[in-house]
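Note on naming: letters A, B, ... go to the chains in the order of the sequence lines (proteins, then strands), and numbering restarts at 1 for each one.
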Amino acid sequence: MALNNIYNEILMEHNTHPDHKHKLSVSSDCKTAINPNCGDEVLVKKGINPSCGDEIVLELNIEDDIIKDAAFNGQGCAISQASTDIMADLIIGKKIDEAVELTDLFIKMVRGEEKDEEKLEQLDEAMALKDIAHMPARVKCAVLAWHTLNEMLKEKKTAE
Amino acid sequence: MALNNIYNEILMEHNTHPDHKHKLSVSSDCKTAINPNCGDEVLVKKGINPSCGDEIVLELNIEDDIIKDAAFNGQGCAISQASTDIMADLIIGKKIDEAVELTDLFIKMVRGEEKDEEKLEQLDEAMALKDIAHMPARVKCAVLAWHTLNEMLKEKKTAE
Amino acid sequence: MNQYKNFFPIMRHYKDLAYLDNAATSQKPDMVIDAVADYYKQENANPLRGLYELSQKATDAYENARKKIAEFIGAAKQQEIIYTRNASESLNIVAYSLSDLLLSKDDEILISVMEHHSNMLPWQQAAKRHQAKLVYLYPDKNGLITIDELKNKLSAKTKILSLTQLSNVLGAEQNLKELIKIAHANKTIVSVDGAQAIPHNKIDVQALDCDFYSFSGHKMYAPMGIGVLYGKEKYLEEMPPFLTGGEMIDYVDEQSATFAELPYKFEAGTQNVGGAVGLSAAIDFMESIGYDTIIKRETELGRFAGEELSKLPYVTIYGDNDFSQHHGVIAFNIEGIHPHDVASLMDSGNVAIRGGHHCAQPLMRYLKCNFCCRASIAFYNDEEDITKLINRTKYIRSYFNGAQ
Amino acid sequence: MNQYKNFFPIMRHYKDLAYLDNAATSQKPDMVIDAVADYYKQENANPLRGLYELSQKATDAYENARKKIAEFIGAAKQQEIIYTRNASESLNIVAYSLSDLLLSKDDEILISVMEHHSNMLPWQQAAKRHQAKLVYLYPDKNGLITIDELKNKLSAKTKILSLTQLSNVLGAEQNLKELIKIAHANKTIVSVDGAQAIPHNKIDVQALDCDFYSFSGHKMYAPMGIGVLYGKEKYLEEMPPFLTGGEMIDYVDEQSATFAELPYKFEAGTQNVGGAVGLSAAIDFMESIGYDTIIKRETELGRFAGEELSKLPYVTIYGDNDFSQHHGVIAFNIEGIHPHDVASLMDSGNVAIRGGHHCAQPLMRYLKCNFCCRASIAFYNDEEDITKLINRTKYIRSYFNGAQ
Ligand SMILES: Cc1ncc(COP(=O)(O)O)c(C=O)c1O
Ligand SMILES: Cc1ncc(COP(=O)(O)O)c(C=O)c1O
């Protein structure tokens, strides 16, 4: 199998030089935390993939329904690390509802359920992960962050 | 398979007209019982083949180390019934040790472990059951009585 | 040789054999044997955890088979299908794990006296472990559990009903849908032993609304060593795992563990992927024949066998007098001749039937026969096979009578 | 292609594949695949209870396989061989049934931190059920349990020691004979997980004097779905049955049952005769190759792989520095690259290895790595396979480095 097209430039770049792998808050294992720089409340959630032990902690800074900033920490394979960084790029500046839609779309794409290229264009660089659908064992790595974000945002919605 | 040579004349005859299917004693489910005709002590033992539900109750009248009479009762297939009757024929008049040896020999024969025709001659009509070795599922039917007798005599020996 | 036998290499090998022990195990068509061999020749690897192509193929083979099985029995979800070795293991899982979840002292488990030992002993054990009571249903003369019988035996304490859909001796198919409705109205959870039903009739677990459904592959043209437990997700979720070990965990530390999601929670260790592939091929095979054909042939051959045998005055047949209701299972005795002798002498005439208690000793006692012969028919049998059975029956009778 | 690969249809099919996941499951030679198919083509029937020729053939196939297995592992008696689905089930039987027989509150079970989850979780469960304590042995840097470690952990309360003979991660073979002697002197019963040992080394259960020995067919060239539990007769006799149902009984009435003699007491329901036949053929296959050849090739290839990999400064290998002691199992990590990425990129170079926790999470934590890659070698591998592994390792490292 030509798997190298998964470990493509985009993925390798985001894995080696992630833009969003840092902390927004001080503590990071509770649901909300305070950003020491600005005093903003930060949303925090941990995602875990038991099969490979990947763990990411996702942090969001949301103001007026808009994701102002996103960051992550944690250990994992190149696919989950890159996928998380790519996701952060994509959702910063988006409205909550838009972000939820994008995560739904991404999850459909990597499960091979959505193949319409035009629709997928919205995912921008995340399209680089399309072929993971052919590697079901790795799909969990790719979706970990997106699942976590999806749940996080839905929890916020219902909490409101 | 030519099984008919198991259901041969000798076997069918002993099955249909057993000479020894009757009672020697009054009760018959305990280890020794009294023969009402002669007041003799009769040795009684029950043998069971769980796989086919065959049950025989064997009774022996032993005097001075010699099997004076043998009889049986119970339900079973033609093979176990005939085999029991044939055995009774064979052992009446024999010494205990001789009878034990004959049962050992018979058991070896039907398991296919003893093939020496000359030796097997001692078994007389019981040789008619030789081919049961080719029907392992029925070996248990054939040996039920012989096993029971064997144990019975050994128990008597150790009891003495 | 009829066109159906031609699918089976063993039938081509023993052209004269009337194989009438299908309720014990069916023969296997080329399609199934080849599918298993091909799996080992082209796709074999340890599934689930592998990150390479071959392991992915094995995983696909394994999970596609699960999907096919789910569709075949009308399950709502794939994760409701758990692979086991055979129906016996499936029934043991239910009896252990569901009992652990549900049973307290003095609760009642309801089964029928017709149950195969595999749907009886596990409940005896469960009853002992939980100091619960094992209560019995008794069939009418046609082998059916009536609504009244069920209503009489159900109580507020009846937590579980486990019932065979089709008796392996009487061949009668229970009116399950109605029985289940009544049990559910009583808040009783229903486990069905489908080992004998599934080879003969299209099953739809959702239409039946049973909570658990157990069956074996080997009775439905699949290889030995593969079986299925279907369970409703909500129960399987709550039930504790049964076997533990590799593949069924999430986290393990020295003193404790958390378990994987369904269906993996119940599948410990390396599973029988070849068997799953074989079962999947067996489903394809059955669908290529079609249940219509299967039912029609089995009903007609069963009726023919029953009617011809019942013409012989020295033959007793157990169960319904309408032999079209027997699903090809004809249990009988020849007067004065032990079933083991009958079976041996049938064999010498190239007729393969079973003689004994058919793993249903309490039923045998209930029928007052202890032992009987059983001819069990599959769609690949034909009139010639049945004619051999009848002729051999006559021969055996005369052979024994002649000796008198 | 080397002469040994030529025995395996899957190797002929994927000529470029370096299959190095043999510890997960081995590939199957023609001999085994054909033996199983031939069984279904010529001898298939339900064994044990049948009174006709075909059933007798199936019974013979089943029992002759048992006899061959008994001889293969040096068991004293055939009835000490119990068929299971896999090693996991064998270990579960011991953990359930032996614990029920032996354990009281505060008793101790001793296992090692190297155990596969299948020899760990069943004991966690047993400990919970009986309020017993699960105590751990820790290996030295070569992966061996020392005599001192064992002596320190044994106490008057230690009823059971269950130990893997060969770790599926470290590849180290325990000095079992000595360990068992010490345990026995302490009146501790010893169960051995032989799943990884038996493909690589001749086993003699009587020489080892272990009380139980569990293994899977699928790791030793047999099909999936068949495994073995060996147990000393005296213990198996006393132990309660585990699964219950058809074929494992003598008498059954509505409320109780008596169980069949060994080995049948532990074999509920229709067994996997095809699997038993496959396992028997796998033994023939291994004997035709010879353990001499197997050991020689696996030792040399393992040493070659270990030595070449250890030349790469960014590779860490776990376990003994003498790679000839690894039985072909080389667990390693490439600095900075997750084992899942390594395995995926190995795959794209046609090298099949495993990455993950290898069903041994506590061991992974003990080794402080959580995850690792594992290449596991069988005698049919060759230098070319290992060279591919090494080259691919270098490539992956440079690919990731190049991206920096
Ligand atoms: C050491 C060890 N024990 C037990 C097992 C379990 O074997 P199976 O999955 O065949 O039950 C394995 C296989 O992965 C193993 O490596
Ligand atoms: C009604 C019924 N239930 C359960 C079983 C057990 O099936 P298996 O032996 O395949 O576990 C059988 C098969 O003999 C059966 O006829």
Is it the case that atom NZ in K388(D) sees more than 12 heavy atoms from other parts of the structure closer than 6.0 Å?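 It does: K388(D) NZ has more than 12 such atoms within range.
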More than 12 heavy atoms of other residues, nucleotides or ligands under 6.0 Å from NZ of K57(C): is that the case?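 For K57(C), atom NZ is crowded (more than 12 foreign heavy atoms under 6.0 Å).
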Measuring heavy-atom distances to chain D, does [X] have an atom under 4.5 Å in its side chain, in its backbone, in both, or in neither?
{"X": "S26(C)", "result": "backbone"}
{"X": "Q124(C)", "result": "side chain"}
{"X": "M346(C)", "result": "neither"}
{"X": "F8(C)", "result": "neither"}
{"X": "E254(C)", "result": "both"}
{"X": "T270(C)", "result": "both"}

Should I353(D) and Y52(C) be marked as a side-chain contact (heavy atoms from CB on, under 4.5 Å) after you check the CA-CA gap, both sets of side-chain angles, and the distance that decides it? CA-CA 7 Å; I353(D) 65 162; Y52(C) 50 87; over 6 Å; no
If you count heavy-atom pairs within less than 4.5 Å of chain C, which of [options] leads?
{"options": "I33(D), T84(D), D34(D), L91(D)", "value": "I33(D)"}
{"options": "A195(D), A360(D), A87(D), P223(D)", "value": "P223(D)"}
{"options": "E89(D), R12(D), H116(D)", "value": "E89(D)"}

Which atoms of [X] approach chain C - backbone, side chain, both or neither, heavy atom under 4.5 Å:
{"X": "R365(D)", "answer": "side chain"}
{"X": "V113(D)", "answer": "side chain"}
{"X": "L134(D)", "answer": "both"}
{"X": "N44(D)", "answer": "both"}
{"X": "Y366(D)", "answer": "neither"}
{"X": "M248(D)", "answer": "side chain"}

Report the option among K28(C), K219(C), Q27(C), Q42(C) that has the most heavy-atom pairs separated by less than 4.5 Å from atoms of chain D. Q42(C)
Top contributor to chain D contacts, counting heavy-atom pairs under 4.5 Å, from A37(C), C359(C), P122(C): P122(C)
At what distance, to the nearest 0.5 angstrom, does [atom1] of [X] lie from [atom2] of [Y]?
{"X": "K41(C)", "Y": "Y14(D)", "atom1": "NZ", "atom2": "OH", "answer": "13.5 Å"}
{"X": "I10(D)", "Y": "Y39(C)", "atom1": "CD1", "atom2": "OH", "answer": "7.5 Å"}
{"X": "K128(D)", "Y": "S256(C)", "atom1": "NZ", "atom2": "OG", "answer": "6.5 Å"}
{"X": "R354(D)", "Y": "S55(C)", "atom1": "CZ", "atom2": "OG", "answer": "5.0 Å"}
{"X": "S88(C)", "Y": "Q271(D)", "atom1": "OG", "atom2": "CD", "answer": "8.0 Å"}
{"X": "N22(C)", "Y": "N46(D)", "atom1": "CG", "atom2": "CG", "answer": "11.5 Å"}

Looking at Y40(D) and M224(C), what are the two nearest heavy atoms and their distance? OH-N, 2.9 Å
State, with a plain yes or no, whether a side-chain heavy atom of [X] is found less than 4.5 Å away from one of [Y].
{"X": "H218(D)", "Y": "V273(C)", "value": "no"}
{"X": "V36(D)", "Y": "V36(C)", "value": "no"}
{"X": "L121(C)", "Y": "F259(D)", "value": "yes"}
{"X": "V252(D)", "Y": "P362(C)", "value": "yes"}
{"X": "N272(D)", "Y": "N272(C)", "value": "yes"}

Residue list, side-chain hydrogen bond (donor to acceptor under 3.5 Å, both in side chains) with D38(D), at least two apart or on another chain: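 Here no residue qualifies.
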Looking at [X] and [Y], would you say the former's side chain and the latter's main chain have a donor-acceptor pair under 3.5 Å?
{"X": "N92(C)", "Y": "L243(D)", "answer": "no"}
{"X": "S118(D)", "Y": "G246(C)", "answer": "yes"}
{"X": "Q361(C)", "Y": "D250(D)", "answer": "yes"}
{"X": "T25(C)", "Y": "A45(D)", "answer": "no"}

Test D347(D) against L51(C) for side-chain contact (heavy atoms from CB on, under 4.5 Å), laying out the working first. CA-CA 7 Å; D347(D) 182 42; L51(C) 297 160; over 6 Å; no
Assign the ring pair Y96(D) / F242(C) to parallel, tilted or perpendicular, where the plane angle (0 to 90°) is split at 30° and 60°. tilted
Got a sec, which residues hit salt bridge (charged side-chain N to carboxylate O under 4.0 Å, His left out) with E43(C), two or more places apart in sequence or on another chain?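 Residues passing salt bridge (charged side-chain N to carboxylate O under 4.0 Å, His left out) with E43(C): none at all.
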Test side-chain contact (heavy atoms from CB on, under 4.5 Å) on M120(D) and I249(C) and set out the steps. CA-CA 12 Å; M120(D) 182 176 285; I249(C) 54 86; over 6 Å; no
